[in-house]
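Excluded from the calculations below are hydrogen atoms, water molecules and symmetry mates; all remaining heavy atoms, backbone and side chain alike, are included. Quick caveat: nothing in here was measured; it's all calculated off a predicted structure.
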Amino acid sequence: MSINSLSELAMQDCQRLRFILTDFDDTLTWQGQLPVETLRSLAELATQGIKVIPVTGGCAGWSDMIARALPVEGVITEGGACFIGRDERQHLTYDFWREESVMRAEQQDILVQVGRVLSQFPDLKLARDQAYRLTDVAIDYAQDVNPPAIASKEACLEALLALGLNARASSIHINVCSDGYDKFSMAQRVLSQVYELSEQQQREQVLYVGDAPNDESMFARFPLSVGVANIAHHLAQMQHHPKFQTSQPGGLGFAELAAVILTAKEN
């Protein structure tokens with residue numbers, strides 16, 4: 001499947017947009033930082049009435065901070081396990097895929113199984129933010145592991161999948177979670193139940209931005225999908241590709257996309 005350059009994104013599609021769903025690490029950030037251009041773009045999109053919802057494999061604690069500190073509508077966190085939104089008084093709310101207590105119990109079982117697998121890979125470790133995760137388990141292979149342990153990541157992922165665990169690789173972690181949900185499942189629930197968008201409206205009014213294989217469920221379902229430039233490293237491993245690709249990486253690519261959308265909105 002060929003990927004179109006961002007210049008081919010139709011003005012009409014941009015003008016219809018109401019929502020941007022976006023990965024966070026290496027999509028809004030770049031080299032571990034949130035670029036000034038990205039923050040400015042988020043603020044300008046909000047001013048134009050475009051609701052930005054990060055959809056991340058990051059931990060709930062990190063996502064809570066994102067929801068409070070950045071100009072975003074809410075955050076889908078831990079790979080689709082929970083939506084952090086706001087009530088009518090603008091207080092944060094947590095809407096879990098299943099009952100929170102059930103998901104917390106499942107997480108403990110997953111931790112035990114992951115621990116056994118990790119004993120075979122001394123260059124991998126639990127992510128430093130594991131203590132702030134409410135539902136899943138994250139294995140660090142490229143965040144604080146330097147150089148990135150790519151070969152061990154692939155072998156570890158294969159071992160986890162062989163145990164029947166629900167595991168996916170992001171650009172920095174292997175995320176292991178319960179069955180039954182992913183980024184798209186929760187995104188669809190939020191868009192339909194919270195914002196009352198029909199399936200047709202979701203196809204026309206929602207754009208997704210990502211950078212890694214764990215974004216495939218979103219690329220497969222949203223006709224308007226964009227990969228930032230650094231997704232090029234992963235395309236050979238992916239079955240579902242974004243329709244468009246930016247020329248800039250990470251948050252700089254997001255800002256590039258935002259500029260195209262904002263220009264279309266002004267015309």
Side-chain angles (χ1 to χ4, degrees), residues 23-27 29 31-32 54-67 75-84 94-187 210-218 233-234 237-239:
D23 181 57
F24 201 90
D25 290 303
D26 292 326
T27 301
T29 65
Q31 298 180 333
V55 185
T56 178
C59 68
W62 168 233
S63 300
D64 184 289
M65 186 282 296
I66 293 170
V75 183
I76 294 173
T77 187
E78 298 190 9
C82 179
F83 174 58
I84 302 176
Y94 280 59
D95 180 17
F96 288 85
W97 182 256
R98 290 193 292 275
E99 181 69 32
E100 179 181 2
S101 60
V102 171
M103 298 190 79
R104 296 295 291 267
E106 291 171 340
Q107 180 194 41
Q108 292 307 304
D109 180 61
I110 293 169
L111 264 171
V112 172
Q113 296 184 72
V114 167
R116 293 180 184 138
V117 173
L118 275 183
S119 66
Q120 306 170 40
F121 302 98
D123 51 346
L124 302 181
K125 58 185 179 181
L126 290 178
R128 290 299 299 265
D129 68 7
Q130 184 60 49
Y132 311 113
R133 291 179 177 272
L134 300 180
T135 64
D136 74 341
V137 176
I139 299 168
D140 181 9
Y141 76 88
Q143 184 177 44
D144 296 317
V145 173
N146 190 22
I150 303 300
S152 291
K153 180 261 288 189
E154 294 295 339
C156 181
L157 183 59
E158 185 176 341
L160 294 167
L161 293 172
L163 290 175
L165 291 170
N166 186 12
R168 300 180 187 86
S170 73
S171 60
I172 56 173
H173 293 156
I174 297 173
N175 295 98
V176 193
C177 63
S178 306
D179 287 321
Y181 68 89
D182 57 16
K183 286 185 172 186
F184 176 75
S185 300
M186 181 58 92
D211 76 303
N214 67 340
D215 296 308
E216 282 193 86
S217 67
M218 304 293 270
H233 304 298
H234 303 289
Q237 311 163 33
M238 297 170 59
Q239 180 179 355

Quiz item: What's the shortest heavy-atom distance between Gly57 and Asp136, and which atoms?
Solution: O-OD2, 4.1 Å
Quiz item: Of the non-hydrogen atoms in Met186 and Phe96, which two are nearest, and what is the gap between them?
Solution: CE-C, 4.1 Å
Quiz prompt | Heavy-atom closest contact (Cys177 atom, Arg168 atom, distance) | solution = SG-NH1, 4.1 Å
Quiz item: Sub-3.5 Å donor-acceptor pair from the side chain of Asp215 to the main-chain atoms of Ala212, do we have one?
Solution: yes
Quiz prompt | By ring-ring contact (aromatic ring centres under 6.0 Å, His included) - contacts of Phe83 (at least two apart) | solution = none
Quiz item: So, Asn166 side chain and Ser178 main chain: donor-acceptor pair closer than 3.5 Å or not?
Solution: yes
Practice problem: Using side-chain contact (heavy atoms from CB on, under 4.5 Å) as the criterion, list what pairs up with Val117, not counting sequence neighbours. | Solution: Phe121, Cys156, Ala159, Leu160, Leu163
Quiz item: Between Tyr141 and Ser171, is there a donor-acceptor pair closer than 3.5 Å when you use the side chain of the first and the backbone of the second?
Solution: yes
Quiz item: After noting the C-alpha distance and the side-chain angles of Asp64 and Tyr132, does the key distance pass the side-chain hydrogen bond (donor to acceptor under 3.5 Å, both in side chains) rule?
Solution: CA-CA 10 Å; Asp64 184 289; Tyr132 311 113; over 6 Å; no
Quiz prompt | Rounded distance (nearest 0.5 Å) linking atom CD1 of Ile174 with atom CG of Asn214 | solution = 11.5 Å
Self-check item: SB check Lys183 Asp23 (cutoff 4.0 Å)
Solution: yes
Exercise. Identify the two heavy atoms, one from Met218 and one from Ala187, that lie closest to each other, and give their separation to 0.1 Å.
Key: CE-CB, 3.8 Å
Practice problem: Drop me the distance from Arg128's CZ to Cys59's SG, to the nearest 0.5 angstrom. | Solution: 12.5 Å
Practice problem: Look only at the side chain of Glu100 and the backbone of Asp95, and say whether a donor-acceptor pair between them is shorter than 3.5 Å. | Solution: no
Self-check item: Exercise: identify the closest heavy-atom pair between Arg116 and Gln120
Solution: O-NE2, 3.9 Å
Quiz prompt | Sidechain-backbone polar pair: Asp129 side chain, Ala131 backbone, donor-acceptor under 3.5 Å | solution = no
Quiz item: CG of Asp211 to OG1 of Thr27: how many Å apart, nearest 0.5 Å?
Solution: 3.5 Å
Quiz item: Checking Ser63 side chain against Ile76 main chain: does a donor-acceptor pair fall under 3.5 Å?
Solution: no
Quiz item: Heavy atoms, side chains only, cut-off 4.5 Å: are Leu134 and Arg104 in contact?
Solution: yes
Quiz item: Measuring from Leu124:CG to His173:NE2, what's the distance to the nearest 0.5 Å?
Solution: 11.0 Å
Exercise. Grab the two heavy atoms, one from Thr135 and one from Ala81, that are nearest each other, plus how far apart they are.
Key: OG1-CB, 3.1 Å
Quiz item: Can you tell me if Gln107 uses its side chain to pair, donor with acceptor, with the backbone of Val137 under 3.5 Å?
Solution: no
Quiz item: Got a second to check how far Ile172's CD1 is from Ile139's CD1, nearest 0.5 Å?
Solution: 13.0 Å
Exercise. Mind telling me whether Phe24 and Trp62 have parallel, tilted or perpendicular rings, with 30° and 60° as the class edges?
Key: perpendicular
Quiz item: Once you round to the nearest 0.5 Å, how far does CD1 of Ile84 lie from CD of Glu78?
Solution: 8.0 Å
Self-check item: Main-chain N/O of Met238 paired with Glu216 side-chain donor or acceptor, under 3.5 Å
Solution: no
